[in-house]
Amino acid sequence: MDFRNAYAHGFARVAACTLPVVMADPARNAEATIEQVRRLHDDGVAVALFPELGVSGYAIDDLHMQDVLLEEVDRAIVTIAEATAQLTPIVVVGAPLLIGNRLLNCAVVIQGGEVIGVAPKSYLPNYREFYEKRWFAAGDDAVDTLVNRPHWPGADEDGDIAYGTDLLFEATDVPGLTVHVEICEDMWVPVPPSHRAALAGATVLLNLSASPITVGRADDRHLLARSASARCNAAYLYAAASEGESSTDLSWDGMTMVYEMGDLLGQSERFPSGPQATVVDVDLDRLRQERIRQGSFDDNRRVEGIGEPGGESFRVIALELDPPTGDIGLRRKVDRFPFVPDDEARLAQDCYEAYNIQVSGLEQRLRAIGQPKIVIGVSGGLDSTHALIVAAKAMDRLARPRTDIIGFTMPGFATSEGTKSNAIHLMESLGITFETLDIRPAAQQMLKDLGHPAGDGEEVYDVTFENVQAGLRTDYLFRAANQRGGIVLGTGDLSELALGWCTYGVGDQMSHYGVNTGVPKTLMQHLIRWVVSSGQFEGEGSKGDSVNDTLTEILDQEISPELVPTKEGEKIQSTEDSVGPYALQDFTLYHVLRRGYRPSKIAFLAQHAWSDAATGDWPAGYPEGERPAYDLETIRHWLEVFVRRYFSSQFKRSALPNGPKVVAGGTMSPRGDWRMPSDVSAAAWLAEIERNVPTA
């Protein structure tokens, strides 16, 4: 594999372009188009979209029907084709073409020096400032499937070129790149042609537009392009006319943008001076994977009769692009934290929703089973802290006293004074019922009964030593719940379940309700910060210790299970030393769970996201001094760890208690997003890493 090449990982570079037009001067417009395509070729672009009627100019009114203009347009098409013969991009330009007895507003598709297809505009606006039916015929009912242009490069032996709204342009050497073209108004109708083309297999939808600008229209374009890309599980490129068009009654902003499945990948400056292009890398794998998962997408195709016997069919024009090799960079934003938005307002909204999903889920469970008390183990770490403040809010909303929450802090052999103190302060501040239950005597006895050296005081700190403590804590919680009429509230999170960082059965894998099981570790700290900043417990506290002060202190702690004792001067036991940095492992988890990507692609993306801490965006509130970078060797190592742990831990997830799905990235629930045999092998995934991911 050409590991550092974006095309090798399922991306295709596309460009939505605009440029100054010279009205009714096709030769000069062709020259400007060719110049821009050459630059895009050098930039590794596969698809280059230009505005509607850009060869002639859009706002030239009755000049569209003049023979001189139409002849010059014809020559300009030939010029563009011949000049781009050695260039990579599929070039899509707008031109008026005489077909039979009518004039059509068309998109001309050119690649490798040939015109490979012509797509007419289906729907013509003839309202308010638009008068297109004065000049053009609608292409939606075209009966011809060919346009005769024997002098055009690419015409067959009869002089014909494919014509119609049913054309798909498929790059055979860029898997997943299938292009469909529609023009301006086609996007504004209730059932756009592009939507039916997407059902037929188009992944990259193009819209050549002129679209004069009025106040508020840019927002409308964004709405339509975004929704089209989201509904169609596709990329949607939009390019509008720019300077040079007539200002007799209108103005033009040269807007270009690219959306992918509802995400804005890029947009250019509006009202520009000179040519502009939005150049981005579209993730074709993402589109394909989403269509696989969303079975209703293909059901819609079947119901609409597309590709079915007697139904609508599309013609596929195959082509070869010979995309660039080597490192061409990656022209798209890659989020370091796929579960955590780096936009401050969006992060606040996500935290609001996540917290309330958890609270309302717990409320419903308590109502459904007769309003039991809640029993929870509070360690002073992130997960138990968050579960506790969710429980407190649920009790408030149910108008029940918080004393119906029974918190236990259960110090073991390695519990630090800091975490124990934080746990007690938090429980006191929240006003719950709480107790300290020292598990060390019972753990010592169990280790002794098992014949474990630690039972006789030897410093043997293996998995059994750790799990005896973890198991006892959960055992005590279940027995206390039975004794006091309660349910055990689980505190383990989504990331721990993915990595198997939990003790099976009578351990932290088990509970009566797992309120955190849908929350990834990288989101947990932001949820707690949001609880503080949004004032969920503002002004609460006792003995001078406010809830918010304690929550803030907990956020600054090292993530540790605190199961292995350390001596003075030694580093405390670190979870991330064992399972890997949660930042990297959550990155991998998202792309495995939500996207189904191969490990080499995840490593490629991780390198772009994490190789330089100084570039790219960080979530609001992420501490300046704690922003790491990871090289490819480190990424590869922890990716292998993830794969091994992920596959070997399925048996724990298959027995997962109930808990709410929180993030769109998915859950580990065997009743929800993820189902997998517990005894499946990771060999193929590990082999893919070995084959395709270099060590440096």
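The structure displayed is predicted, hence computed values, not measured ones.
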Test item: N516 side-chain N/O and D493 main-chain N/O as donor-acceptor pair under 3.5 Å: no

Using distance alone, with no hydrogens and no angle criterion, decide if Y259 and H222 have a side-chain donor and acceptor under 3.5 Å apart. yes

Donor-acceptor under 3.5 Å (Q525 side chain, L555 main chain): no

Could you give me the CA-CA distance, side-chain angles and deciding distance for D263 and R332, then say whether salt bridge (charged side-chain N to carboxylate O under 4.0 Å, His left out) is met? CA-CA 11 Å; D263 297 331; R332 65 185 286 128; 6.0 Å; no

Counting only heavy atoms from other residues, nucleotides and ligands, does the tally under 6.0 Å from CH2 of W685 exceed 12? no

Under 3.5 Å, is there a donor-acceptor pair linking the side chains of Q364 and R367? yes

Could K521 and D383 be called an ion pair, given the rule that one side-chain N must be under 4.0 Å from one carboxylate O? yes

Please enumerate all residues that pass ring-ring contact (aromatic ring centres under 6.0 Å, His included) together with F434, with sequence neighbours excluded. none

Answer yes or no: is there an ion pair linking E640 with R636, defined by an N-O contact shorter than 4.0 Å? yes

With the side chain counted from C-beta on, respond yes when M668 and T517 share a heavy-atom pair under 4.5 Å apart, and no when they do not. no

Heavy atoms of A613 and A629 approach each other most closely as N-CB, 3.8 Å

Under a 3.5 Å distance rule, please check whether R291 uses its side chain to pair with a backbone N or O of F297 as donor and acceptor. no

Taking the side chain as C-beta and beyond, is there a heavy-atom pair between Y582 and W501 under 4.5 Å? yes

List the steps, then state whether side-chain hydrogen bond (donor to acceptor under 3.5 Å, both in side chains) holds for D549 with H425. CA-CA 10 Å; D549 288 344; H425 287 166; over 6 Å; no

Tell me if the CZ atom of F651 is crowded by more than 12 foreign heavy atoms within 6.0 Å. yes

For G262, is there any backbone N or O sitting under 3.5 Å from a side-chain donor or acceptor partner on S229? yes

State, yes or no, whether a side-chain contact exists between S649 and L499 at a heavy-atom distance under 4.5 Å. no

Apply the side-chain contact (heavy atoms from CB on, under 4.5 Å) test between R473 and each candidate in I439, L437, V468; give the one that qualifies. I439

Does the side chain of D404 reach to within under 4.5 Å of the side chain of P401, using non-hydrogen atoms? yes

What's the verdict on side-chain contact (heavy atoms from CB on, under 4.5 Å) for D283 and E260, showing C-alpha distance, side-chain angles and the deciding distance? CA-CA 8 Å; D283 191 344; E260 177 188 286; 3.7 Å; yes

Please lay out, stage by stage, how Q536 and S534 fare under the test side-chain hydrogen bond (donor to acceptor under 3.5 Å, both in side chains). CA-CA 6 Å; Q536 300 299 308; S534 63; 3.0 Å; yes

Taking the six-membered ring for Trp, are Y476 and F408 closer than 6.0 Å centroid to centroid? no

So with a 6.0 Å cut-off around CD of E553, is the heavy-atom count from everything else above 12? no

Classify the side-chain pair N233/R293 by whether it contains a donor and acceptor separated by less than 3.5 Å. no

Can you name the closest pair of heavy atoms from T491 and G377 and give their distance? CG2-O, 4.1 Å

Please check this pair: side chain of D508 against backbone of T503, looking for a donor-acceptor N/O pair closer than 3.5 Å. yes

If you look only at distance, which donor and acceptor atoms sit under 3.5 Å apart when one is on a side chain in residues 336-347 and the other is two or more places apart or in another chain?
unit_1, atom_1, unit_2, atom_2, d
R336, NE, A609, O, 3.2
R336, NH1, T615, O, 3.1
R336, NH1, D617, O, 3.2
R336, NH2, D612, O, 2.7
R336, NH2, T615, O, 2.4
D342, OD1, K333, NZ, 2.8
D342, OD2, K333, NZ, 2.9
D343, OD2, A345, N, 3.3
D343, OD2, R346, N, 2.8
R346, NE, D350, OD1, 2.7

Audit row: E290, R594, salt bridge (charged side-chain N to carboxylate O under 4.0 Å, His left out) steps and yes/no: CA-CA 9 Å; E290 194 64 22; R594 187 69 176 87; 2.9 Å; yes

Using the rule given for side-chain contact (heavy atoms from CB on, under 4.5 Å), can you reason through F413 versus Y461, listing the C-alpha separation, both sets of side-chain angles and the distance that settles it, and then say yes or no? CA-CA 10 Å; F413 297 119; Y461 304 139; over 6 Å; no

Which pair of heavy atoms, one from A392 and one from L430, lies closest together, and at what distance? CB-CD2, 4.3 Å

Can you list the steps and then say if K373 with T433 is a side-chain contact (heavy atoms from CB on, under 4.5 Å)? CA-CA 11 Å; K373 294 181 179 180; T433 303; over 6 Å; no

Test the R598-F604 pair against the cation-pi criterion, namely NZ or CZ under 6.0 angstrom from the six-membered ring centroid and within 45° of the ring axis. no

Between Q585 and V641, is there a side-chain heavy-atom distance shorter than 4.5 Å? yes

Taking the side chain as every heavy atom from C-beta outward, state whether F478 and T474 have any pair of such atoms under 4.5 Å apart. yes

Among L605, L639, V693, side-chain contact (heavy atoms from CB on, under 4.5 Å) partner for S600: V693

Worked check of side-chain hydrogen bond (donor to acceptor under 3.5 Å, both in side chains) between T634 and D631: CA-CA 5 Å; T634 303; D631 59 21; 2.7 Å; yes

Assess the residue pair Q483 and R479 against the criterion (side-chain hydrogen bond (donor to acceptor under 3.5 Å, both in side chains)); give the C-alpha distance rounded to whole Å, side-chain angles, the decisive distance to 0.1 Å, and a yes or no. CA-CA 6 Å; Q483 178 191 43; R479 302 294 73 80; over 6 Å; no

Please tell me if the side chains of D285 and H9 come closer than 4.5 Å, counting only heavy atoms from C-beta onward. no

Start with the C-alpha gap between L426 and L551, add the side-chain angles, then the distance that decides, and say whether side-chain contact (heavy atoms from CB on, under 4.5 Å) holds. CA-CA 8 Å; L426 182 61; L551 293 177; 3.9 Å; yes

Counting distance only, does the side-chain N/O of D475 pair as donor-acceptor with the main-chain N or O of G471 below 3.5 Å? no

A354 versus V662, closest heavy-atom pair with distance: CB-CG1, 3.5 Å

R226, CZ: over 12 other non-hydrogen atoms inside 6.0 angstrom: no

Backbone of I405 reached by a side-chain donor or acceptor of R400 within 3.5 Å: no

Centroid-to-centroid, W674 to Y646, below 6.0 Å? yes

Is there a side-chain contact between I374 and L362 (heavy atoms, below 4.5 Å)? yes

Where is the tightest heavy-atom contact between G666 and K661, given as atom of each residue plus distance? CA-CE, 4.1 Å

Examine distances only and state if a side-chain atom of Q509 and a backbone atom of P657 form a donor-acceptor pair shorter than 3.5 Å. no

Which heavy atom in P411 sits nearest to a heavy atom in T409, and how many Å separate them? CD-O, 3.3 Å

Atom CG in L632, atom OG in S611: separation rounded to 0.5 Å? 9.5 Å

Closer than 3.5 angstrom, by distance alone: can the side chain of R653 be matched with the main-chain N or O of L497 as a donor-acceptor pair? yes

